[in-house]
*Asks:* 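Submitted below is the structure of interest, expressed as structure tokens.
Predicted model only: the values in this text are computed from it and were never measured. Computed over heavy atoms, backbone and side chain alike; hydrogens, waters and symmetry mates excluded.
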Amino acid sequence: MKQCGKDRLLNNWFGTSEGSHLGKKEEKDKVGSLPSSTLGLPVTPGDQHSPGRRLDSVESHNLTMPADSCSVQGGIPRQKVHLGTPARMSRRLSSQLQRKFPEDLYCEKHLELVQLFCVDDQILLCGQCFHSQEHENHSVCGVQEAAGVYRKLFQEILNTLKEKLEVAKSILADEQERMVMIQGEEQDFKEMIESEYRIRFRLMVEEMNFQSLQDCVFNPKLREDHLNQVLAFATELKGQSQETLQRLNDLGKENMNKLKESEGRLSGHICSLQKMTVELEKKCGKYTLMVLQNAGSSLIRSESLLLQCLEQAQITDLSLCQVTGMSRMLKVLQRAVTLDPKTANPFLVLSEDLRSMHLRNVQQDVPRSPERFVFSATVLGVESFTSGRHYWEVDVEKATKWQLGVSEDSASRHGDLPTASGNKALLMGSLMGTNYTFWAFPPLKRVSLRGEQMHKVGVFLDCESGHISFYDVANRSLIYNFSSLTFQGALRPIFSLCIPSGVTNSDSLSICLPPVSSCDVTVSPQSSLA
């Protein structure tokens, strides 16, 4: 905070109310004739020329009290003691204030009782000081009035400091929680990347074997070439996997460093807030002179703390470490999935070819069926899978909120989300403005954030390994995958939209048909992961 900030605060308090200060030079004669009792100050009986020290400056700690060795009898000083440097004087005063010395304080220069407070210089004045040229154009008020203003001002600042202290503690707790969270997220993404490259290697081998069978390979030379291709694919995949994992590791370290810096910064700020709070609490609870001691400095430091911004560290989403490329074998495995009308929620309207669905704002009059979804706008695919590898694509461009995945055929149809973690595996997409947020289940967690429109989502299922992958088909990149899932019984594709809540909703999903010549595949190390 700059000095002008303190001046502004003081002017608001001292310079706005009529009669709140004694004024400038034109009122000095009037002030000089006022007795101490008129200013609300205690008057010590006896000679007004009792010895002591003036309060030279609140901000420079030149606060003094009558010396221990100085006694007053009948108002006549027996001894005049010099207290030395300002630092020593400040320490002497603080000690005396803590021992609750009387509040009467005398000007060292004029040996008069100090009765006034100079707002401009932040010092105590006696009558003669007030008449001096040094304070000719300064704002001056009574000591009791100044202490009252500062006490009220400090109390308001204290309340704000306490509020900010609680906010800082809350943000610090959030940062520490995020540090634990990103460690878990990094491990999840690492496992996801490793499992994705493992499944890609198996798909590559399967793709090459498929091509070999097409060409009726029985020639030893061709078998050797085939083996060399497999080794080249394996080397390429290993390099891609290590590169992606290194990017993930670097990003994880960068995020952790940012959070640690934020933690240290917030801890330091909390410490400063606590110290300032204790200081102001002491001031507000003390008598007049303690309130005025270093009042200007306390204002400056308090406002400086209040002006400091509290914000969380800006970290990078780990999902930016995308696994790019898709195996061309997925096109070979693509299935012509259709929708099962017996399972469709009454809010869903299915197309005649059972390959698309859209929402309507009112329920349809449909036959009752124990297989029908009741509380969610969901429908299952007709096809069920118990073994093998399968792939299908869904056009989500016209939907703002959707769910895709697989469900056990025996899973409950009467809930919005599955109650058991083993009966469904879902990817949920939500479009907010131009950003797409993805959530996965189980367990329910945010897994990705992308600032672009989604067009098609590919779903890959490997029944034997319990592996499910979701792909951004347009960008040919992995969104998320599950590995080593355990299911009981047959699995069916699942599709879901968000039921409208009183507003028009025209969201729709469409299942894409597989290419007509899905078996026409040419294998090369570069094209296989394009």
Side-chain angles (χ1 to χ4, degrees), residues 192-214 229-230 232-234 236-238 240-241 244 322-338 355 381 383-397 402 404-406 425-427 429 438 440 447-448 450 454-485 491-495 509-530:
M192 183 182 74
I193 292 169
E194 291 174 341
S195 65
E196 180 64 20
Y197 279 107
R198 283 196 300 270
I199 200 70
R200 287 191 180 190
F201 178 72
R202 289 198 291 268
L203 286 174
M204 281 184 177
V205 173
E206 187 171 325
E207 181 179 352
M208 294 173 65
N209 288 339
F210 174 81
Q211 186 67 47
S212 298
L213 287 174
Q214 277 191 324
Q229 275 191 324
V230 172
F233 283 150
E236 181 182 353
L237 277 177
K238 184 178 180 179
Q240 292 177 355
S241 174
T244 306
Q322 295 183 4
V323 180
T324 57
M326 293 173 60
S327 172
R328 292 185 62 181
M329 192 62 186
L330 294 175
K331 290 296 183 181
V332 176
L333 301 173
Q334 187 168 350
R335 308 299 180 216
V337 175
T338 54
R355 296 192 186 279
E383 294 72 20
S384 63
F385 309 114
T386 57
S387 62
R389 298 186 179 106
H390 313 275
Y391 176 77
W392 58 96
E393 292 180 355
V394 183
D395 188 337
V396 299
E397 187 173 5
W402 47 263
L404 302 174
V406 296
L426 302 172
L427 177 73
F438 295 102
V447 296
S448 181
R450 300 191 182 190
M454 290 292 297
H455 299 282
K456 292 182 181 179
V457 175
V459 184
F460 169 72
L461 168 66
D462 186 339
C463 294
E464 278 72 21
S465 65
H467 183 99
I468 304 172
S469 293
F470 298 91
Y471 298 96
D472 180 348
V473 177
N475 289 332
R476 304 191 62 79
S477 62
L478 177 70
I479 300 174
Y480 191 73
N481 69 18
F482 299 93
S483 59
S484 303
L485 294 179
L491 297 175
R492 299 174 66 178
I494 186 170
F495 311 86
L509 294 176
S510 299
I511 302 172
C512 303
L513 287 170
V516 177
S517 56
S518 60
C519 294
D520 185 14
V521 180
T522 302
V523 181
S524 67
Q526 288 73 28
S527 66
S528 185
L529 283 176

*Asks:* Please give me the minimum heavy-atom distance between N481 and S195, naming the atom from each residue.
*Replies:*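 Looking at all heavy atoms of both residues, the closest pair is ND2-OG, 3.3 Å.
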
*Asks:* May I ask you to test the E393-K331 pair for a side-chain heavy-atom distance under 4.5 Å?
*Replies:*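 Yes, at least one pair of side-chain atoms sits under 4.5 Å.
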
*Asks:* Give a yes or no on whether the backbone of S384 and the side-chain of R492 come within a donor-acceptor separation of less than 3.5 Å.
*Replies:*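 A pair under 3.5 Å: no.
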
*Asks:* Run the numbers on S241 and R198 for side chain to side chain contact (heavy atoms under 4.5 Å, CB included), then give the verdict.
*Replies:* CA-CA 9 Å; S241 174; R198 283 196 300 270; over 6 Å; no

*Asks:* How close do R335 and V332 get, counting heavy atoms only, and between which atoms?
*Replies:*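 It is NH1-O, 4.2 Å.
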
*Asks:* Of V459, V406, L426, L404, which is the lone residue that meets side chain to side chain contact (heavy atoms under 4.5 Å, CB included) with I494?
*Replies:*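 It is L426; the other options fail the test.
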
*Asks:* Applying ring-ring contact (aromatic ring centres under 6.0 Å, His included), can you list everything that pairs with H467, at least two apart in sequence or on another chain?
*Replies:*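 Counting only residues at least two positions away or on another chain, H467 forms no ring-ring contact (aromatic ring centres under 6.0 Å, His included).
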
*Asks:* Show the nearest heavy-atom pair for residues F201 and A234, with the distance to one decimal.
*Replies:*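 So the two residues come closest at CE1-CB, 3.5 Å.
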
*Asks:* Got a donor-acceptor contact below 3.5 angstrom from the R355 side chain to the I511 backbone?
*Replies:*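 Pair absent, no side-chain N/O of R355 close to backbone of I511.
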
*Asks:* Return the set of residues passing salt bridge (Lys or Arg N to Asp or Glu O under 4.0 Å) with R389 (not counting sequence neighbours), or none when no residue passes.
*Replies:*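 R389 satisfies salt bridge (Lys or Arg N to Asp or Glu O under 4.0 Å) with E206, D462 once adjacent residues are dropped.
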
*Asks:* Kindly say whether G388 contributes a backbone atom to a donor-acceptor pair with the side chain of E464 at under 3.5 angstrom?
*Replies:*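 Yes; at least one donor-acceptor contact below 3.5 Å.
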
*Asks:* For the atom pair OG (S465) and CD1 (I199), what is the distance rounded to the nearest 0.5 Å?
*Replies:*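 Atom-to-atom, S465:OG and I199:CD1 are 4.5 Å apart.
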
*Asks:* Identify, with sequence neighbours excluded, every residue that meets side-chain contact (heavy atoms from CB on, under 4.5 Å) alongside A474.
*Replies:*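 Here the qualifying residues are H455, D472.
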
*Asks:* Would you compute the distance between atom CG of L478 and atom OG of S448 and round it to the nearest 0.5 angstrom?
*Replies:*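 Here the interatomic distance stands at 9.0 Å.
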
*Asks:* Please name all residues satisfying side-chain contact (heavy atoms from CB on, under 4.5 Å) with T244, sequence neighbours left out, ordered by chain then number.
*Replies:*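 Applying side-chain contact (heavy atoms from CB on, under 4.5 Å) to T244 gives I193, Y197, R247, V323.
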
*Asks:* Between F470 and F482, what is the ring plane arrangement, given parallel below 30°, perpendicular above 60°, and tilted in between?
*Replies:*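 F470 vs F482 ring planes: perpendicular.
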
*Asks:* What's the shortest heavy-atom distance between Y391 and L330, and which atoms?
*Replies:*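 Minimum heavy-atom contact is CD2-O, 3.3 Å.
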
*Asks:* With side chains defined as the heavy atoms from C-beta onward, is the minimum distance between L427 and W402 less than 4.5 Å?
*Replies:*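 Yes, side chains in contact.
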
*Asks:* What heavy-atom pair brings V473 and V457 nearest, and what distance separates the two atoms?
*Replies:*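 Smallest heavy-atom distance, with atoms named: CG2-C, 3.9 Å.
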
*Asks:* Check ring-ring contact (aromatic ring centres under 6.0 Å, His included) between F438 and all other residues, then give those that pass, not counting sequence neighbours.
*Replies:*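 For F438, the residues satisfying ring-ring contact (aromatic ring centres under 6.0 Å, His included) (neighbours in sequence not counted) are Y436.
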
*Asks:* To the nearest 0.5 Å, how far apart are CG in L237 and CD in E196?
*Replies:*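 One gets 10.0 Å once the value is rounded to the nearest 0.5 Å.
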
*Asks:* Residues two or more places apart in sequence or in another chain: which of them pass side-chain hydrogen bond (donor to acceptor under 3.5 Å, both in side chains) with E383?
*Replies:*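 Checked E383 against side-chain hydrogen bond (donor to acceptor under 3.5 Å, both in side chains); matches are T338.
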
*Asks:* Look up atom CE in M329 and atom CZ in R202, then write down how far apart they are to the nearest 0.5 Å.
*Replies:*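 Atom-to-atom, M329:CE and R202:CZ are 13.5 Å apart.
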
